[in-house]
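Within every chain, numbering begins at 1; the chains are lettered A, B, ... in the order of the sequence lines, protein sequences first and strands thereafter. Nothing here was measured: the structure is a model prediction, and the numbers come from that model.
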There are 2 protein chains.
Amino acid sequence: MKAHKLPPEALELVAARFRVLGEPNRLRLIAALEQGEKNVSKLVSETELTQANVSRHLQTLTEAGLLGRRKEGLNVYYFIADESLFKLCDLVCSRLQKDLSAKAAAFKR
Amino acid sequence: MKAHKLPPEALELVAARFRVLGEPNRLRLIAALEQGEKNVSKLVSETELTQANVSRHLQTLTEAGLLGRRKEGLNVYYFIADESLFKLCDLVCSRLQKDLSAKAAAFKR
DNA sequence: CAACTAAATGAGTATATGTTCATATATATA
DNA sequence: TATATATATGAACATATACTCATTTAGTTG
């Protein structure tokens with residue numbers, strides 16, 4: 001599946017998925033859910049974001065299919081629904097680390 | 001390297017990298033370069049974007065370390081500098097395909 | 001039913017960013 | 001040196017989106 005074969009609408013879908021991940025607070029929420037499902041209040045207190053803001057980000061992530069939700073009484077529990085998330089983040093992280101340590105090394109000379 | 005261990009500044013870096021990929025025209029440029037390096041004029045004619053626009057996107061991609069540039073006379077040739085790009089895109093693409101065919105299947109019942 | 005709680009949402013604002021037009025810069029060539 | 005060409009960039013504008021405040025919705029419990 002090569003990118004150059006993708007029609008424009010498909011590219012927009014791919015871009016949209018990357019865009020969802022392009023927001024640090026959303027990454028924080030994802031990171032918080034790595035340990036397992038949590039309800040909104042828990043995520044609010046852990047991230048120290050406003051409740052409204054957390055709620056909106058969770059909506060974005062859920063609509064993208066990255067998170068799932070489960071209602072239980074008054075609480076709504078969110079959880080990672082797309083395990084490929086971790087592979088994605090790890091790829092980016094390790095690449096960034098490589099780049100940054102290369103720059104750091106260049107400084108020392 | 002787990003995401004929940006990353007400090008906020010690192011998360012911003014990761015998010016920034018995703019954001020660079022979150023623009024369809026930039027993905028088009030990347031796709032165009034999959035076949036090998038090309039100069040700006042070539043990229044302009046292939047993508048049918050304006051020269052100014054292509055130039056700006058190439059700048060964004062280069063500053064992010066995803067592309068490299070090489071000057072040769074009047075021309076500037078751009079090329080993929082980060083091969084992990086393809087793994088990233090393929091991960092997203094295959095995930096999207098799976099999601100979409102699941103939805104398509106759900107329609108048939 | 002009334003009061004309470006957790007989560008979602010409408011409306012408004014601020015900021016970031018994609019795009020274009022016009023122009024500047026750099027390099028080549030007559 | 002003058003002219004032409006490829007690419008980059010300043011300025012302006014339009015759009016998208018992150019955020020907050022206030023309120024609503026859904027569900028629980030007295």
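By the 4.5 Å heavy-atom criterion applied to side chains, A:Leu13 and B:Leu100 are counted as neighbours. A heavy-atom distance below 4.5 Å is not found between the side chains of A:Arg17 and A:Leu88. Between A:Phe86 and A:Ile80 the shortest side-chain heavy-atom distance falls below 4.5 Å.
Residue pairs meeting the salt bridge (charged side-chain N to carboxylate O under 4.0 Å, His left out) criterion with at least one partner in residues 18-28 of chain B, sequence neighbours excluded, are B:Glu12-B:Arg19.
Here A:Tyr77 lies out of heavy-atom contact (under 4.0 Å) with every strand.
The distance between atom CD of B:Gln59 and atom C1' of C:dA24, rounded to the nearest whole Å, is 15 Å. Taking atom CG of A:Asn75 as the reference point, atom P of C:dA7 lies 5 Å away to the nearest angstrom. Residue A:Leu27 contributes atom CG, which lies 12 Å from atom P of D:dA18 at whole-angstrom precision. Taking atom CG of residue B:Leu67 and atom C1' of nucleotide D:dT7, one finds them 15 Å apart after rounding to whole Å.
When hydrophobic clusters are built by joining Ile, Leu, Val, Met, Phe, Trp and Tyr residues whose side-chain heavy atoms come closer than 4.5 Å, directly or via intermediates, A:Leu74 is not grouped with A:Leu58.
A:Ser55 places no side-chain N or O within 3.5 Å of a backbone atom of A:Gln51 that could act as its donor or acceptor partner.
Among residues two or more places apart in sequence or in another chain, the side-chain hydrogen bond (donor to acceptor under 3.5 Å, both in side chains) test is passed with B:Ser84 by B:Asp82. Considering only residues two or more places apart in sequence or on other chains, A:Glu46 meets the side chain to side chain contact (heavy atoms under 4.5 Å, CB included) condition with A:Ala32, A:Lys38, A:Lys42.
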Could you run down the sub-3.5 Å N/O contacts of the protein with nucleotides 25-30 of chain C?
none

Report, one pair per line, the protein and nucleotides 12-17 of chain D atoms (nitrogen or oxygen only) whose separation is under 3.5 Å.
{"unit_1": "D:dT17", "atom_1": "OP1", "unit_2": "A:Arg19", "atom_2": "NH1", "d": "3.4"}

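For D:dT25, the paired base is C:dA6 (Watson-Crick or G-U wobble, both distances below 3.5 Å).
Atoms CG and CZ, from A:Leu85 and B:Arg95 in turn, are 8.5 Å apart once rounded to the nearest 0.5 Å. Remark: B:His57 NE2 to B:Asn25 CG distance equals 5.0 Å, nearest 0.5 Å.
Between B:Gln35 and B:Ala31, the closest heavy-atom pair is OE1-O, 4.2 Å.
Taking for each of B:Ser55 and A:Gly22 the nucleotide of DNA chain D with the nearest heavy atom, the 5'-most of the two is the partner of B:Ser55.
Using a 4.0 Å cut-off on heavy atoms, the residues of residues 37-53 of chain B that approach DNA chain D are B:Asn39, B:Val40, B:Ser41, B:Gln51, B:Ala52, listed by number.
In the set C:dG18, D:dT7, D:dA18, D:dA18 carries the atom at the smallest distance from any side-chain atom of A:His57.
OP1 or OP2 of C:dA6 has not a single side-chain nitrogen or oxygen of A:Tyr78 nearer than 4.0 Å.
At a cut-off of 3.5 angstrom, the base of C:dT20 holds at least one donor-acceptor pair with the side chain of B:Arg56.
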